[in-house]
Amino acid sequence: MLGPPYNNTMENPATFFLVGIPGLQSLHLWMAVSLSVMYTMALLGNTLLMTVICMDSTLHEPMYCFLCILAAVDIVMASSVVPKMLSIFCVGDGSINFYACFAQMYFVHSATAVETGLLLAMAFDRYVAICKPLHYKRILTPKVMQIMSVTIAFRAVIFMSPLSWMLSHLPFCSSNVVPHSYCEHMAVAKLACGAPMPSSLYYSLIGSSIIVGSDVVFIAASYILILRAVFNLSSKNAQQKALGTCGSHVCVMALYYFPGMASIYVAWLGQDTVPLHTQVLLADLYLILPPTLNPIIYGLRTKYIREKIWSLLTHCLFDLSTQGV
């Protein structure tokens, strides 16, 4: 899988140059405005969500704890790429240090691996809450949650470390211009010369397919069991309430998996048929849309969180107004 060993005696470039969105450079300024708005919403929304969950002891339950971690991961994922994107779109500064490029790649793809694991954990939480409500607190203890969180993070590190090592040790003997808005691993790997390059691409595709594929299978199995349990309930009101608690999770999962899988397989299989700017836009939206919309989805669809956020905001505004007087 790792390919044959080789001695990389070539001097790799000190910097890479990120193009942004190839073919759409004339629209970069408008994209910077849109990106700034989305990034601001992502930072404010996820920070507010984390603050409410941490401050309110009644929200210290497994579902909300996983949601708090998800918000933190969303901030990391967006912050790994957006500042550099804005630099490219606003002033055309696409240069990025060789090692900073691989650090960015590591954080981006580790965050996405952690996020898919969190979505699986949240699906398991809903399964236990709806299918085994009497055993909920006995099954999802703080120790179990800690083990799940550590396992999710460990899996991401185990997957990304070999990929980052392989890519950073490839010889880059020709172009150092990356036709992308950030150091996306496939875009960087295609710049390398030498026989080992395809192994890193296969490792990435197969590894991400295994991680995401297994998570999707378990999530689907959880929701099949959830739906079966819900439709066996005698009360229509109970059915609607149970489905309502899962609605926000389903929306977030769809928002994460559909663009993500489209981005991966378009970049891999559709590189000769799909325009390059479309591939780059898909990859960019995949990293910025979920962090922007996740807190909105949970805030709008989860009544309790919505009430707590509104209470916090009104309290802060009231304090500011009284101080002004």
Side-chain angles (χ1 to χ4, degrees), residues 11-48 71-112 115 160 163-164 167-168 170 172-192 255 259-260 262-264 266-267 271 274-296:
E11 184 177 351
N12 284 323
T15 59
F16 286 111
F17 291 92
L18 297 166
V19 172
I21 302 179
L24 297 181
Q25 283 86 347
S26 61
L27 300 177
H28 274 184
L29 190 57
W30 293 105
M31 292 178 182
V33 174
S34 301
L35 190 61
S36 298
V37 172
M38 295 172 71
Y39 184 50
T40 302
M41 290 174 60
L43 290 180
L44 292 177
N46 286 292
T47 301
L48 186 59
V73 172
D74 279 342
I75 291 176
V76 171
M77 186 164 65
S79 299
S80 298
V81 296
V82 173
K84 188 59 189 177
M85 284 184 186
L86 290 175
S87 176
I88 298 169
F89 295 160
C90 292
V91 298
D93 180 15
S95 62
I96 183 170
N97 179 272
F98 181 82
Y99 295 105
C101 181
F102 290 101
Q104 183 190 63
M105 185 188 305
Y106 184 86
F107 279 110
V108 167
H109 296 295
S110 294
T112 57
E115 184 145 345
M160 275 308 301
L163 178 61
S164 299
L167 289 177
S168 63
L170 292 178
F172 295 90
C173 54
S174 54
S175 175
N176 64 340
V177 178
V178 182
H180 217 288
S181 303
Y182 65 95
C183 289
E184 198 271 338
H185 65 279
M186 289 189 182
V188 174
K190 289 174 183 176
L191 298 180
L255 183 65
S263 173
I264 291 172
V266 163
Q271 52 185 318
V274 179
L276 183 57
H277 65 267
T278 302
Q279 299 178 37
V280 175
L281 278 171
L282 271 174
D284 290 350
L285 290 175
Y286 164 56
L287 293 182
I288 191 61
L289 268 182
T292 303
L293 297 181
N294 283 353
I296 296 175

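None of the values given here were measured: they were computed from a predicted structure.
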Ring pair (Phe, Tyr, Trp, His ring centres under 6.0 Å) pairs touching residues 15-46, sequence neighbours excluded, are Phe16-Phe98, Phe16-Phe172, His28-Phe89
Looking only at heavy atoms, which two atoms of [X] and [Y] are closest? And how far apart?
X	Y	result
Ala78	Pro83	O-CD, 4.1 Å
Met77	Ala111	CB-CB, 3.9 Å
Ala187	His180	CB-CD2, 4.0 Å
Cys101	Val188	SG-CG2, 4.1 Å
Pro179	Pro22	O-CG, 3.7 Å

Contact check, side chains of [X] and [Y], non-hydrogen atoms, under 4.5 Å:
X	Y	answer
Leu191	Asn176	no
Met31	Asp284	no
Leu276	Gln279	yes
Val108	Glu184	no
Ile96	Cys183	yes
Ile21	Ile88	no
Leu43	Ser79	yes

Starting at OG1 of Thr292, measure out to CD1 of Ile288 and round the result to the nearest 0.5 Å. 4.0 Å
When rounded to the nearest 0.5 angstrom, what distance separates OG in Ser181 from CE in Met85? 5.0 Å
Checking the side chain of [X] only, and the main-chain atoms of [Y] only, is there a donor and an acceptor separated by less than 3.5 Å?
X	Y	answer
Thr15	Ser95	no
Lys84	Asp93	yes
Asn294	Ala71	no
Asp74	Ala42	no

By side chain to side chain contact (heavy atoms under 4.5 Å, CB included), which residues pair with Thr47, not counting sequence neighbours? Thr51, Ile75
Pair Ile296, Met41 - check side-chain contact (heavy atoms from CB on, under 4.5 Å), show working. CA-CA 9 Å; Ile296 296 175; Met41 290 174 60; 3.5 Å; yes
